Amino acid sequence: MIRDYPTTPFTDQKPGTSGLRKKVKVFQQPNYAENFVQSVFDVIDGKQGATLVIGGDGRFLNREVIQVAIRIAAAAGFARAIVGRGGILSTPAASNLIRIRGALGGLVLSASHNPGGPDEDFGIKYNIANGGPAPEKVTEALHARTLTIDRWRAVEADDIDLDALGEVKVGEMIVEIVDPVADYAALMEKLFDFPAIRAANLTMAFDAMSAVTGPYAHDILENRLGFAPGTVRNGTPLPDFGGHHPDPNLVHAHELYETMMAPDAPDFGAASDGDGDRNLIIGRHRFVTPSDSLAMLAANAHLAPGYKDGLKGIARSMPTSAAADRVAAKLGIPAYETPTGWKFFGNLLDAGMATICGEESAGTGSDHVREKDGLWAVLLWLNILAATGKSVDTIAREHWAAYGRNYYARHDYEGVESDRADTLMAELRRKLATLPGERFGDLEVETADDFAYHDPTDGSVSRNQGVRVLFVGGSRVVFRLSGTGTSGATLRVYLERFEADAIDGDTTDMLADIVAAADAIAGIVRHTGRTEPDVVT
Ligand code: G16
């Protein structure tokens, strides 16, 4: 039986860069998750008889929201829900399932790299039939619906056993509990040369950060590729990620970094985030920035079976360094610059205009799914190491020698009062027109703008995507506010300097004058009261 539950709107359900992310306590308010899930279903067509994928990264509240979503989906007319066993599906695995099972879409429950637990973060994202995050026209309609919703509707049924593989019925809808790993691992075996990776006898440390990648990494790295037991660390997903931030950067994965910088470091080190779509790559004694990793993967992708015919194009988000553009130019293929947010790559991938995409925020992926994919990046690196017999350090140094080096860092100022952050950005935007020609030390501003993206596939325009200040000679600084935080504002300052020949510099030294220029231009200290960033990646 279907029952209507009267409700009233919440005014704070506008999806951010990647879905709705809030504190668990916010999601625990009566009707909060229900309103959002119902609003998703209210704005999408074609639910009758369709298939829906549901899964999450195992964080606190994952199972409860899945049970509710199943009952609402059954009332909305879906014929089948495919759910990962234990409520577990990594974001790329969910994207793959949506695609191979011909689903209408999927609900991915995660707050990604944000911490989990009763006092931390939760999130819900809707992905469309191509397996990718809903584009802005869908999220805008969804937001509008959350502001008018007056009822949600669910089948009256008990919770189901999320841990038992097989099928059960909820109302008229079949719920199919599937192994979360099997289909994804099979896809990876098709793209990469597993026998060659096995035969290369590489050593590795992989930190799953007590998040969703654990079961995937155990199966793929240890079982299928034969890496030694213990290669995967923190491999059991925990509701609170062991009390840590499942954020694969040098701050939160510092133990891995120390392992990789030690005299007896393994050949390769990697980590993944809460929902398995981000990656951190560290070779023995060599950290690779996400922007460089994108460029190096693109330059060498043809060594893996899945990409042996070459790439159609490379796409990167605007704040990501231009290193990948140089690879595209050499390969004679197009390079695309999109706003931050994986959703903007979907159209390019669907249209066959790009094969590989990447972001400075530790995301890389390809047209095999419509999400960034942490383990995919790890496996492509392993495939390249196996095919070339070279170390990460050698590959990086040879790359810079051939293409030049884009020194790069991101400075994050977290938990800034929203008003102060907004004032900083507004002031910056007002002075854009007068910046060109101004000098900051040795740097002269060439152009300055607020990035707007014109999607070449559907003509849609996305404005106000971040302020770029480009200096004569190819250096630049970008300012934008994060769209994934859950408290206050996070100011991100992206710093980049290109050197054609000086490839052995220290990143901090190479960026020092740009850091000073960034403060002079934006008044970071004046507006935020902070003299140092909270996180440097
Ligand atoms: C999400 C998006 C990414 C984006 C990142 C950071 O990643 O999918 O495209 O680059 O957030 O966004 P922001 O700078 O607005 O915080 P994830 O891994 O959090 O889903």
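Computed over heavy atoms, backbone and side chain alike; hydrogens, waters and symmetry mates excluded. Please read all numbers here as calculations on a predicted model, not as lab measurements. Atoms within each ligand, like the ligands themselves, are counted from 1 in listed order. Quick note: residue numbers are just sequence positions, from 1.
- Counting atoms of ligand 1 from 1 in the listed order, those under 4.0 Å from a heavy atom of Gly341 are 9 (O).
- Under the 6.0 Å cut-off for aromatic ring centres, Phe122 and Phe60 do not qualify, their centroids lying 6.0 Å or more apart.
- Ring-plane geometry between His399 and Tyr403 is classed as parallel, the angle between the planes falling under 30 degrees on a 0 to 90 degree scale with a further cut at 60.
- Under 4.0 Å from ligand 1, the heavy atoms of Asp277 that appear belong solely to its side chain.
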Next item on the list: Run the numbers on Asp207 and Asn234 for side-chain hydrogen bond (donor to acceptor under 3.5 Å, both in side chains), then give the verdict.
Entry: CA-CA 6 Å; Asp207 191 346; Asn234 302 314; 3.0 Å; yes
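- Within ligand 1, the atoms closer than 4.0 Å to a non-hydrogen atom of His113 are 19 (O), numbered from 1 in the order shown.
- Under the rule for a side chain to side chain donor-acceptor pair (under 3.5 Å), the partners of Asp449 that lie at least two apart in sequence or sit in another chain are Arg468.
- Taking 4.0 Å as the cut-off, Lys125 does not count as a neighbour of ligand 1 on heavy-atom distance.
- Under the 6.0 Å distance and 45° angle rule, Arg463 does not count as a cation-pi partner of Phe451.
- The residues Arg316 and Asp325 are annotated as salt-bridged, a charged nitrogen and a carboxylate oxygen being separated by less than 4.0 angstrom.
- Applying the 4.0 Å criterion to heavy atoms of Lys372 picks out, from ligand 1, the atoms 1 (C), 2 (C), 3 (C), 7 (O), 8 (O), 17 (P), 18 (O), 20 (O).
- The closest protein non-hydrogen atom to atom 3 (C) of ligand 1 is Glu359 OE1, 3.1 Å.
- Looking at Glu360, Arg278, Glu371 and measuring to atom 6 (C) of ligand 1, the nearest heavy atom belongs to Arg278.
- Taking distance alone, with nitrogen or oxygen atoms compared against 3.5 Å, Gly483 approaches ligand 1 more closely than that limit.
- Scanning all protein heavy atoms for the shortest distance to atom 11 (O) of ligand 1 gives Thr484 CG2, 3.3 Å.
- Arg233 and Thr259 form a side-chain donor-acceptor contact under 3.5 Å, judged by distance and modelled atom types alone.
- Heavy-atom proximity to Ser361, at under 4.0 Å, picks out these atoms of ligand 1: 4 (C), 5 (C), 10 (O).
- Heavy-atom distances between Arg410 and ligand 1 stay at or above 4.0 Å for every pair.
- Contact annotation for Ser18 and ligand 1: only side-chain heavy atoms (C-beta onward) come within less than 4.0 Å of the ligand.
- You'll find the ring centres of Phe287 and Tyr257 outside the 6.0 Å limit.
- Under a 4.0 Å criterion applied to the non-hydrogen atoms of Arg480, ligand 1 contributes the atoms 13 (P), 14 (O), 15 (O).
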Next item on the list: Would you check, one step at a time, whether the test side-chain hydrogen bond (donor to acceptor under 3.5 Å, both in side chains) holds for Asp458 with Asn347?
Entry: CA-CA 8 Å; Asp458 65 5; Asn347 283 352; 3.2 Å; yes
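- Within ligand 1, the atoms closer than 4.0 Å to a non-hydrogen atom of Ser112 are 17 (P), 18 (O), 19 (O), 20 (O), numbered from 1 in the order shown.
- Against a heavy-atom cut-off of under 4.0 Å, Arg21 is close to the following atoms of ligand 1: 17 (P), 19 (O), 20 (O).
- Heavy-atom contacts of Arg492 reach the following atoms of ligand 1: 13 (P), 14 (O), 16 (O) (cutoff under 4.0 Å).
- Between Trp381 and Phe268, the ring planes are tilted. Angles from 30° to 60° get that label.
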